[in-house]
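Since the structure comes first, as structure tokens, the remarks are kept for the end.
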Amino acid sequence: MAAVTGAPAETSPWETLETWCSTRKAEEIVARTGLLGLAASRLGERAPTRLDERALTSPLPDPRMDGRDLTGSLVVDFSALWAGPLCAHLLQLAGAAVVKVETPTRPDGARRGHRGFYDLLHAGQRSVVLDPERSSELRDLQSLVRRADVVIEASRPRALARWGLDADSAAGSGTIWVSITAYGRACDRVGFGDDVAAAAGLVAWDPETREPVFCGDAIADPLTGLYAAHQAMSALARRRGALLDIAMVDVARWAASPSWRSQAKPVENAPGLPAPRTAPGIASESGEDTEVVLSELGIRQCS
């Protein structure tokens, strides 16, 4: 906080931040936080989306996929928190086997959150922990990716590239590479569900204060997870590799746009209001399945 405001570290951080923001334009605040690698946005700053709306309304292209059966497909998930894990979870529900990959120094931050929510997204998946700073484990990691039908990443592209994991090469070899970022692979800016939704104008308005309020909890995350899963399934049905560059802000902007509402059609036998779901089991502890997974895939010999 002191780096953002320039105030002494011992001052009250939130009061200092509020005062600092109140004397500056939104553009200056976004620029300043961006230099520090922090997530911030200006309400409605994003221009109309480049997202292809037809991708959200068209049916899956292969009749085989009507049942959404992905049995036999291997998903390697490097993502964390919500959007990427939701994508992986939906592919799992469609029959895919999901391997969640973490490193010793960067476990999924959602593990420190609500256990029931984490179990809901990850129960039934297997957990692998590899240290890419070790040459043998880096080779294991690269071998695991080569065996994947789908790879999910939700970090800036350079994060995996520094380990020799190249999205373009993987897609050229037939892998579906789902790249989820805040503002697209070409943009180095970071973002999370709430600030990205605000940038897209996807907010609600308090009727009394006439001030914007968050529309749901980190709403850009689940919307992006749903969209990413649909795109991954469509790409699998086409039976050729693809690099899916999915920007959360584009999905949120589409959701905020009135254009899709004009094309919406009534849904027959609508399921009604959503009901709470219970996790089908307990998610694996971090790295619990490393040896088993690598052995089954022929990457390591059983010790």
Side-chain angles (χ1 to χ4, degrees), residues 60 62 64-103 107-108 110-111 117-130 132 137 139-155 160 163 165 167 170-171 173-180 225-244 246 277-302:
L60 293 169
D62 190 309
R64 252 187 349 104
M65 304 300 287
D66 284 349
R68 291 166 170 74
D69 184 5
L70 301 187
T71 302
S73 298
L74 174 62
V75 176
V76 172
D77 179 21
F78 287 95
S79 69
L81 300 179
W82 197 352
L86 177 59
C87 173
H89 174 66
L90 293 173
L91 297 180
Q92 176 191 1
L93 291 179
V98 177
V99 173
K100 182 174 183 63
V101 180
E102 299 164 281
T103 68
D108 187 345
R111 288 186 180 276
F117 178 72
Y118 189 85
D119 288 340
L120 185 61
L121 284 181
H122 296 284
Q125 301 177 7
R126 296 197 283 183
S127 172
V128 166
V129 169
L130 292 168
E137 295 191 26
R139 289 193 296 271
D140 291 341
L141 186 64
Q142 293 167 343
S143 296
L144 179 60
V145 168
R146 284 195 294 271
R147 286 162 172 76
D149 298 291
V150 178
V151 172
I152 302 172
E153 66 166 335
S155 55
L160 295 188
W163 298 334
L165 302 177
S173 300
T175 302
I176 309 303
W177 193 287
V178 180
S179 176
I180 298 174
L226 287 166
Y227 176 74
H230 180 281
Q231 291 303 285
M233 292 179 68
S234 297
L236 280 168
R238 290 191 288 269
R239 298 186 180 88
R240 60 175 182 270
L243 172 52
L244 306 178
I246 300 174
R277 293 174 56 209
T278 302
I282 298 175
S284 293
E285 295 299 327
S286 188
E288 179 180 337
D289 310 300
T290 301
E291 293 297 334
V292 173
V293 169
L294 297 182
S295 176
E296 286 182 358
L297 294 175
I299 297 172
R300 280 187 192 171
Q301 302 245 334
C302 268

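Treat the numbers as computed from the prediction; the structure is a model and nothing was measured.
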Practice item. Kindly write out the residues that satisfy side-chain hydrogen bond (donor to acceptor under 3.5 Å, both in side chains) with Arg277, not counting sequence neighbours, or none if the list is empty. Key: His89
Check your understanding: If you measure from OG on Ser143 to CZ on Arg139, what distance do you get to the nearest 0.5 Å?
Key -> 8.5 Å
Check your understanding: In Å, rounded to the nearest 0.5 Å, how long is the span from CD1 of Ile152 to SG of Cys87?
Key -> 4.0 Å
Check your understanding: Which residues satisfy the salt bridge (charged side-chain N to carboxylate O under 4.0 Å, His left out) test with Asp108, sequence neighbours excluded?
Key -> Lys100
Check your understanding: When rounded to the nearest 0.5 angstrom, what is the spacing between CD in Glu137 and CG in Leu144?
Key -> 12.5 Å
Revision key, fill the gap. Residue set satisfying side-chain contact (heavy atoms from CB on, under 4.5 Å) with Ala154, at least two apart, ordered chain then number -> Ser79, Ile180
Exercise for review: Can you sort out the partners of Ser155 under side-chain hydrogen bond (donor to acceptor under 3.5 Å, both in side chains), two or more places apart, ordered by chain and number?
Suggested key: none
Point to revise | Asp149: salt bridge (charged side-chain N to carboxylate O under 4.0 Å, His left out) partners, not counting sequence neighbours | key: none
Study note, to complete from the structure: Sorted by chain and residue number, the side-chain hydrogen bond (donor to acceptor under 3.5 Å, both in side chains) partners of Gln125 (sequence neighbours excluded) come out as Gln92, His122
Exercise for review: May I ask you to decide if Ala96's main-chain N or O and Ser73's side chain share a donor-acceptor pair within less than 3.5 Å?
Suggested key: no
Check your understanding: Who are the side-chain hydrogen bond (donor to acceptor under 3.5 Å, both in side chains) partners of Arg147, not counting sequence neighbours?
Key -> none
**Study point:** Point-to-point distance, once rounded to the nearest 0.5 Å, from CH2 of Trp177 to CG of Leu244
**Key:** 12.0 Å
Practice item. Only pairs at least two apart or in different chains count here, so list each salt bridge (charged side-chain N to carboxylate O under 4.0 Å, His left out) that has a residue in residues 74-91. Key: none
Review point. Looking only at side chains, do Gln142 and Trp163 share a donor and an acceptor under 3.5 Å apart?
Key: no
Study note, to complete from the structure: Residue set satisfying side-chain contact (heavy atoms from CB on, under 4.5 Å) with Ala279, at least two apart, ordered chain then number -> Asp119, Leu120
Check your understanding: Who passes side-chain contact (heavy atoms from CB on, under 4.5 Å) against Ala171, sequence neighbours left out?
Key -> Leu243
Exercise for review: Using side-chain contact (heavy atoms from CB on, under 4.5 Å) as the criterion, list what pairs up with Asp289, not counting sequence neighbours.
Suggested key: Arg126, Ser127, Ser284, Val293
Check your understanding: Can you tell me how far the CG atom of Leu141 sits from the CG atom of Leu165, to the nearest 0.5 Å?
Key -> 5.0 Å
**Study point:** Straight-line distance of Leu81 CG to Leu86 CG, nearest 0.5 Å
**Key:** 12.5 Å
